[in-house]
Structures are given as structure tokens and as C-alpha cells.
*Asks:* 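Sharing a structure here in C-alpha cells format.
By convention in this document, chain letters (A, B, ...) are assigned in the order of the sequence lines, proteins followed by strands, and residues within each chain are numbered from 1.
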Amino acid sequence: MHEYLPSEIESKWQKHWEESGQFRPDLNSDQQKFYMLTMLPYPSGDLHIGHWYAMAPSDAYARFMKMQGHEVFFPIGFDAFGLPAENAAIKNNIHPKEWTYKNIERMRGQLRSMGNMFAWEHEIVSCDPEYYKWSQWFFLKMLEQGLAYREHAPVDFCNHCQTTLAREQVWGEERLCERCNNPVVKKALNQWKLRITKYAEELLDFSGLEWPEKVRLMQTNWIGRSEGVEFALKIQGQEQLEFRVFTTRPDTVFGMSFCVLAPEHPLVGQVTTPEQRAAVEAYQDAASRKNEIERTSEGKEKDGVFTGAYALNPMNGEPVPIWIADYVLFTYGTGAIMAVPAHDERDFAFARKYDLPTPAVIAPAEAEEGAPGELTEPFTLKEGSRMINSPGFENLVWPESFESVTDHMAREGFGERQVNYRLRDWLISRQRMWGTPIPVVYCSSCGMQPVPFEQLPVTLPDDAEFKPTGESPLKHHQGFLSTECPQCQGEAERETDTMDTFICSSWYYYAYLFPYWARGEALGSGSLPWDMERMQRWAPVDQYTGGIEHATMHLLYFRFYTKVLADMGLLPFREPATRLFNQGMILGEDHEKMSKSRGNVVNPDDLVQKYGTDTVRTYLMFLGPWDAGAPWNPQGIEGATRFLKSVWSLAHQPHPSGEREDSIRKVQRALHQTIRKVGEDLSQFRFNTAIAALMSFRNTLKAEADHLPESLWEECVRALLLMLAPMAPHLAEELWQLKVPGTGSVHNQTWPEFNTDLAQEDRITLVVQVNGKLRDRLEMPVGLPQEEVEQLARNSERVAPYLENRSVRRVIVVPEKLVNIVVG
RNA sequence: GCCACGGUGGCGAAAUUGGUAUACGCAAUGGACUUAAAAUCCAUCGUCAUGACAUGACAUGCGGGUUCAAGUCCCGCCCGUGGCACCA
């Protein structure tokens, strides 16, 4: 027997699999289809252990499904646009395209070393014009249908660098630009948005999806549906002016003692009195430098400034002061609120700080008539709370109080019911070069004009010059900028904003199915961009896997795009993926996120070189539950490599001789229990316990080796190899060829079946407790009648002392498990 | 701050539905093999108490509660992780 040399057999089998094409999917196969998708990587330059953690278990699952008789499609690609390429361009004076494609080339090689069954022929790269042409095509369709529109929206902007900054480029509490250390401000730019809010209601519906509860919860909260009322308030003395507020608590409207506009609210400039103007403008300026988390944190003290103006409560005509405060966000609701300090925590804190009145208008059910005295904290709605100090609505109780006030507002014509969402439309404009160009032009006479479909793609220039400030080179590139108006053929300028890279990852899984199409070769003259028959057969995705960090943003955009394309008649379904599984993060040894600056990055290439791919794969799956993630533990990997070595020697071990009835029964039981356990575990992504079960089986097999007939021994070794194949594909293949040559690849075999009768235990260990404390364990055959079990427990010698001089009050018998004797 | 998730031996972790807490593995310790080392194999291994066996008590972040029975359910804390809309 020769030694287990992973590097030798791994490269041998990778080469063999590629040449034989055995993992190339047949999209026309008669077998049941299975579309397995893992989130596509960003080509940062080096394959990280985190990529392995995401992809090796996904591959094991794909292989498992293949052995279960499915035709598995498991594609891969690269999400290739984005900020890091531009940073590299500025730093190293290299075009982002060159940097990106170099990285992709390197990562392809590293990905291949994982031995995954990726469908490489279906690869897509999002920065290929053949790919982004279709991102542009979908954008133009959305523009036609009013789903894409332009609006002013604030961005973090550095005046010194003349560029927009991503959140990660804004440093510290001071909010300074990462490049020049100057303060960052909010600046409103005219930008493109997609109307995702139109789909808010449908996105709340997860029926038919097997997605983790936590992701559904996070998305539901992110969308943030709330039912309430929107009503108008007029400005005292300027009755032609009004603003609207949204509230979920119209029953408290009589308790409004002030109202608050977001600092960005357009009305602020019009209503502010001359005396207050300086203070208001200073406050607006300060607010423009904060981000939303800072503005709305409850830990921070709320502050604001009085505008000098008063609004009229439409219910009773009472004037209330108008303030501005940055805890009111312009992006949520109407950007203005009525403040009812007596019944809202934030309003209460604000009123206390500025000595504003806190009239109570809701009282607890049991309270006496009239207003309670001085409030020390806001009183929030409780069961039976009733309205007080609200002429015409006295003593109404929720939800009648809500209905009654709302009906009144609607009748009087100043308010109506409104469903509000926290979800905002998707801002897709990026003032950057390395992204999909937004295919519109601006003509001085015809205005904004879409680029005609037949002129797509609008491509990025290869000779862009990057400024150290980070400003988009497209703004200065004449070759790109100047074009012809499709309407009047006059001079026009191209849009220089590019699309958010989340656009690329919102539809890539459909492109995978049409690799030649994606290269621009298969598009017919028909009105559909793809072949509906194939789409119908292969989509949607059966199993999607990826990091939990994508729970709200990508996974919401992903669903949104499918709904939009379905409404365009391009897809015959409305959800992109039936099942979702999110793996956790792999952390550094120090339990911190891996990063170069912390110096805690684990390099998978080194590990592969030392231990081999199969060991790295097995260890990553054995570390812990896949959805939990784990810190890297450099010592444990020895265990994985030892396990694989022991399987190697087991398979090479000469046939044992000798038969013992109890050993045969024991091993048979272990075999069938293991097949059952591993199958159940793998189908639920519980790789760690599946591997533990395989290890236990290996232990049993080794211990009983000398007492088994050859046929059973061989059956066990074959089953072990089959079950190990998804995790350690190369080792399993090598040993399969050794044990059962001529049967083809281990990966084309059928998953072993278990026999329930053979897996059945014939003896159990019964636990005997007295008052819930363990006192004895009794071995007995299964299926004894309950009375007999109880009698055996009572008669136990170890139990007896605890029953002396006590009366038995109750005996609880859990069949085949436990007897608990309760004594007094 | 808000939303979501998690906290179990020296370490990674296991524990179908509330029913034997610590499976599987790592590290450690002792032993076998070896001239020696590596590798491999065997044994021990939650903490405390009586020298070991045995037995008992205590242990699943902290404090309460429900229950015959709580790692698991409920209430209140503490700590950690992910996301918070221009990183992807």
C-alpha cells in the first residue's frame, strides 16, 4: 500500500474530470433538473478562505444532489464592476479593466483547485460588454415603463475632490474624506432610481419560498410596512402654504404641541422667520454632515431649532410651533411629523429639552376623569387606553379611536389613510467610471433621450484617465461624452453616471443559462432576449447559497428584478430562488473579521499545498454548523487530514477474516444508521454532523474489522466512499477506482439507500430519575410494556435508597427513554 | 440607536418535539512501536470533594420564572457578530 499523497491524486482527477466532461451539465437532459447557485465572487485578486467556506459546501451539496439522481447545473462567474478596481487604478495607474481581468484569470485557477463541479462553459463576467449590454437593455425597458426615473437625492460628497464617496470612504465621527481628510457633506444630485417601492407589498409575500426565517424577518422589517394617516397642516399667517405629515397614531392628534420638519424639507426656507434664519441655516449645515445612523440613534440627545413659524392643528385650529430636527428624516414618510410628546419617547425627550408642553390625550383604562398631572415619562398605548381632552372623540378606545379620527379627517378633506413603507426607491446612479454606463443622452433641444436599443451596448472607454481625487474620468472623456441625439441628430452628451453593481448581480443567474447568448451570438430577432423554453425548464434557482450579509439588500434586489422581468413577460415565475441557505462568516484566529490590515488572513493556497484540497474542504465543513460561521482554528485541520488518511488505509486494508454474529449485527446497524443520518444531514446542509457520523462509522468499522465477512466489509467500505464523495471528491474517486474498478466515476453513482429494519436498535438505555435527578441507567430490550418498565425502574438497587421513607406521588414514563419517579 | 442572529469543557462543537448535557474532532497527559524523531496505535480527559475505584455535589453568559423535568419555553440584563441603503 502506498501513502496518501493528495497533491498527486487531486491534480490527476481534476484533469481527468475536465477532459471527460463528466460534470458538464446537459441542459436538455431528461433527468430532474436542479439549479444550484452560489453567489458570484468579486474578483478582488486572491481567493480568500471565505470563498472556500462559501463554495466548497455548495459544491458538496451539488454533488450530493447529483448522486440523488438530478441533472445539476452549478455555474460560476464574476461580479466584476466596483470600487476596488478604481482605487487600484488610481493607486497603480492601471486601467480598472486590466486589473479586473488579471484578477479574474488568477482566481479562475484558484477556483479550479477547489475541484468544484462548476459549469465553466456557462461562466459570465459582468464587466464584459456582452453582459452589461443586457443590464442596459433592462434599464431602457424600465425607463419605458416608468420604473426608472430621475430625482434629486443626497450623496456624501467631498467638495475638495469633487467626488461622491461611498460610506466606507467616509472616516470616523468627524466624517472626513479618506483621500484628502476634508469634511464630507451631503449634496443633492440629480440621480437615477428604480421604483422598487411599487413592489413593496408583493415583496412582503414569501409564500412558496423555503427561505430562512431570519432573512424573511429582516426583509419584512426592512420594507417596514405601517398603516396610518397622512394629513395636511397649514402655516399660520401663510394659509396658502401647507405640509403633510404621516402618523400611525391619529388618535393622539389633539396632543400635538409642536411639529418637526426634516432639515432638508423644502418648506423650511419659506417659513423660517428672519430672526431664526441664521440658527436654522447653521443647523441645516450641521445636519448635512451627519449620516442617518448618527441622526436617529436613540442614545444621542435629540436637538433642533425653532423656525419661528407656526402650523395649525387641523382638528382644532390651534397653532403649534414648527421646529426642524435631524431625527426626522426627509427620506421617510413625508419628511415631517406631528410631535405628541405625551405619548412618544423621542418627542417627549425633545419637549423636555426645549421646554415644550406635553398635554396628555390618552389615559389608561382605569384612570380617573381628566388629565393626569405632570408626566414623568410618555404614556404609550395599552389595552383599553382611551382618548381624553379630545373634543368630539372622548373615551374612544383603540382601534375605534384610530378609525374615528381618520374618518373625520377624510370627511373634512385634509387627511386620508396611507400605507407607508420604510423601503425607499433604489438609487442606482454612481458617479464612477467602473460600472455599467446608464444608456441615456442629454440633448440641449430634446432633453433626456434613451439610447436606442440597437445602439447597445454603450461601452466604457479603454483609455480613461484617473485623477487622484477619485472623480469619474467619464466626465472629462470627450470620446465618451460627445454623441449624437437620437431624436434630432444634433449634438448631445452622454450620461456619465454608471449603475450600482447590485444591478449586475440582480439578474446574472438568468444569464448563466445562455452563455452564448451572453456573448452576443444567440439573440434572435424576436422580442424576447432569451429562449423561454430553456428558461421555463431550468429557472428559477432551486437552491441559492451565499453570505448572510446579503440578507436585505442583494436578496431584495434579486427578488425585485425577477418580478420586474416577469411583468415584462420575460419570465414565467415571480421569485428567483425557491430555497435559500445563508452561510456564516469565517473569522480570523483572533475572532476578528479577516483583513490584510489585521494580518489575520488565512491563505487557502498554502493550506491546499500542505494538506490537499480534500482536507481543506472536509475541515471547513467539519468546523461547525455552516450557517454559524466560525473563527479559524489552525489546529483542528489535523483531525480532518487524519480522518481522510484513515479512510485511505481502510480501503487498502486486506480483507479481514472471521465472523462474529454480534459484530455483524452491530456493523450492519451502524451502516444503515449512518446512511440515514448522513443523507438527512446533507440535505439540510449539516455537513459538520454528517462528517462526525462518518467518523463514528469509520471507528466502528475499524474496531470490528476482524469479525466481519468479506461481503459486509466491502459493502461498508463502498458506502463510506459514496458518502464521503461530496466532501472529499478526489480521495473518494481514487479509492472507488481501486475498490470497484470498471463502474465509472464515484460521482456518477447512486446515493446508497438505508434499510429501516437493519437500522433499528434492539436494546435501549432507560434513564431512571428520582425528582428529576439521574439515579440509574438500565439496559433493556425495546418494546417492553410500560408497566414492566416502570416496575424495573422502581426495583433498581440504585434508586431504592431515594425512595425509602418517602411516598411516590407520581411516575412519569417516557417510552423507550426515561422514567421519572416523583417522591414527596 | 434600530433590525436579525449567537453565547455549552482548555479549544471547534453535538444534543429530532422540553426527557441521559458535553457525540465527533483538536489540544493535553500516560503508554506501545522506534536507535531516535515523525507517523501510527491504545488509554485517560467538564469542575469540585474524600489519596485512585466508587460515590456525591455543582455546571450550558448573568438574574428570575414556568414545569415531574429547561442548553431548549417565558421575563429582565450583560457580551459578541452581521446589516443599516455608495464595499460587494
Side-chain angles (χ1 to χ4, degrees), chain A residues 3 39-42 44 79 81-84 87 155-156 164-170 191 212-222 224 291-300 327 331 422-432 500-502 504-505 547-554 556-557 582 584-585 587 591-593 619 622-625 627-640 642-643 645-646 649 680 686 688-689 691-696 699 702 765-774 776-777 798 809-812 814 817-823:
Chain A
E3 208 186 327
M39 289 179 189
L40 84 178
Y42 176 78
S44 53
D79 189 13
F81 277 132
L83 198 53
N87 289 337
V155 295
D156 284 326
T164 307
L165 298 173
R167 202 169 95 180
E168 62 166 16
Q169 297 176 301
V170 180
Q191 304 190 85
E213 174 67 18
K214 67 168 168 177
V215 174
R216 300 201 311 250
L217 259 173
M218 277 191 269
Q219 292 203 350
T220 301
N221 293 336
W222 181 264
N291 69 21
E292 277 180 21
I293 295 173
E294 288 169 339
R295 282 174 58 159
T296 55
S297 286
E298 246 161 51
K300 295 218 171 163
Y327 74 92
T331 48
R422 209 183 66 96
L423 181 72
R424 312 205 284 252
D425 275 342
W426 178 9
L427 195 159
I428 61 157
S429 277
R430 298 290 179 270
Q431 290 75 49
R432 306 194 184 282
D500 180 2
T501 55
F502 276 125
C504 308
S505 53
I548 186 63
E549 66 273 21
H550 294 292
T552 40
M553 302 184 67
H554 162 65
L556 212 48
Y557 298 146
N582 297 105
M585 298 244 300
L587 303 173
H591 294 230
E592 300 275 344
K593 204 169 173 172
Y619 180 53
F622 184 63
L623 262 181
D627 54 354
W632 178 255
N633 176 353
Q635 290 176 325
I637 195 165
E638 295 290 344
R642 245 173 248 160
F643 170 55
K645 275 183 195 165
S646 76
S649 52
E680 280 171 6
R686 295 197 303 228
N688 56 330
T689 48
I691 293 169
L694 290 175
M695 286 172 167
S696 294
N699 291 345
K702 264 171 80 165
T765 304
L766 183 89
V767 169
V768 186
Q769 296 179 333
V770 178
N771 284 351
K773 285 199 179 268
L774 179 102
D776 199 6
R777 292 189 171 98
R798 294 196 183 184
R809 288 188 181 166
R810 218 173 134 185
V811 178
I812 286 138
V814 181
K817 273 201 175 132
L818 166 147
V819 173
N820 187 12
I821 303 168
V822 184
V823 297

*Asks:* Between N or O atoms, less than 3.5 Å apart, protein on one side and nucleotides 9-14 of chain B on the other: list the pairs.
*Replies:*
unit_1: B:G12; atom_1: O2'; unit_2: A:L623; atom_2: O; d: 2.5
unit_1: B:A14; atom_1: OP1; unit_2: A:N688; atom_2: ND2; d: 2.8

*Asks:* Who are the side-chain contact (heavy atoms from CB on, under 4.5 Å) partners of A:M218, not counting sequence neighbours?
*Replies:*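 Applying side-chain contact (heavy atoms from CB on, under 4.5 Å) to A:M218 gives A:K214, A:I548, A:A551, A:T552.
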*Asks:* Between the side-chain atoms of A:N820 and the base atoms of B:C68, is any donor-acceptor pair under 3.5 Å?
*Replies:*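 Side chain to base: pair found, below 3.5 Å.
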*Asks:* Checking contacts here: which listed nucleotide (B:A57, B:C24, B:A88) is nearest the side-chain heavy atoms of A:K773?
*Replies:*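 Looking only at side-chain atoms, A:K773 lies closest to B:A57.
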*Asks:* Need one value for A:H554: base, sugar-phosphate or nothing, where a base atom within 4.0 Å counts as base even if backbone is also close, heavy atoms only.
*Replies:*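 No contact.
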*Asks:* Side-chain donor-acceptor pair under 3.5 Å between A:S429 and A:Q191, yes or no?
*Replies:*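 Absent: no donor and acceptor within the cut-off.
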*Asks:* Please determine whether a side-chain nitrogen or oxygen atom of A:R777 lies at a distance below 4.0 Å from atom OP1 or OP2 of B:U20.
*Replies:*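 For B:U20, OP1/OP2 do not have a side-chain N/O of A:R777 under 4.0 Å.
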*Asks:* Below 3.5 Å between N/O atoms, which protein atoms pair up with nucleotides 41-49 of chain B? Just atom names and distances, please.
*Replies:*
unit_1: B:C41; atom_1: OP1; unit_2: A:K702; atom_2: NZ; d: 3.0

*Asks:* Base, sugar-phosphate, or nothing: which does A:I812 touch, judged by heavy atoms less than 4.0 Å apart?
*Replies:*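 Base, at least one base heavy atom under 4.0 Å.
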*Asks:* Taking N and O atoms by type only, does the side chain of A:R809 place a donor or acceptor under 3.5 Å from a partner on the base of B:C68?
*Replies:*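 Check fails, no donor-acceptor contact within cut-off.
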*Asks:* Without swapping roles, check the side chain of A:D79 against the backbone of A:L40 for a donor-acceptor pair under 3.5 Å.
*Replies:*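 Pair absent, no side-chain N/O of A:D79 close to backbone of A:L40.
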*Asks:* Are A:N699 and B:G25 close enough that a side-chain N or O sits under 4.0 Å from OP1 or OP2?
*Replies:*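 Affirmative; the distance criterion is met.
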*Asks:* Which nucleotide in the set B:C86, B:G19, B:A4 lies at the smallest distance from any side-chain heavy atom of A:Q769?
*Replies:*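 In terms of side-chain proximity for A:Q769, the closest of B:C86, B:G19, B:A4 is B:G19.
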*Asks:* Which helical stems does RNA chain B take part in, if a stem means at least 3 consecutive Watson-Crick or G-U pairs with both distances below 3.5 Å?
*Replies:*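 Stem list for RNA chain B: B:1-7 with B:78-84, B:10-12 with B:24-26, B:28-32 with B:40-44, B:46-50 with B:54-58, B:61-65 with B:73-77.
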*Asks:* With syn defined as a glycosidic torsion within 90 degrees of 0 and anti otherwise, which applies to B:G9?
*Replies:*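 Here the answer is syn: the torsion falls within 90° of 0.
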*Asks:* Nearest of B:C86, B:C24, B:C5 to any side-chain atom of A:K214?
*Replies:*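 The closest nucleotide is B:C5.
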*Asks:* Can you sort out the partners of A:D627 under side-chain contact (heavy atoms from CB on, under 4.5 Å), two or more places apart, ordered by chain and number?
*Replies:*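 side-chain contact (heavy atoms from CB on, under 4.5 Å) check on A:D627 returns A:F581, A:P625.
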*Asks:* Encode nucleotides 28-34 of chain B as B, S and - characters from 5' to 3', where the letter depends on protein heavy atoms closer than 4.0 Å: B to the base, S only to sugar-phosphate, - to neither.
*Replies:* -------
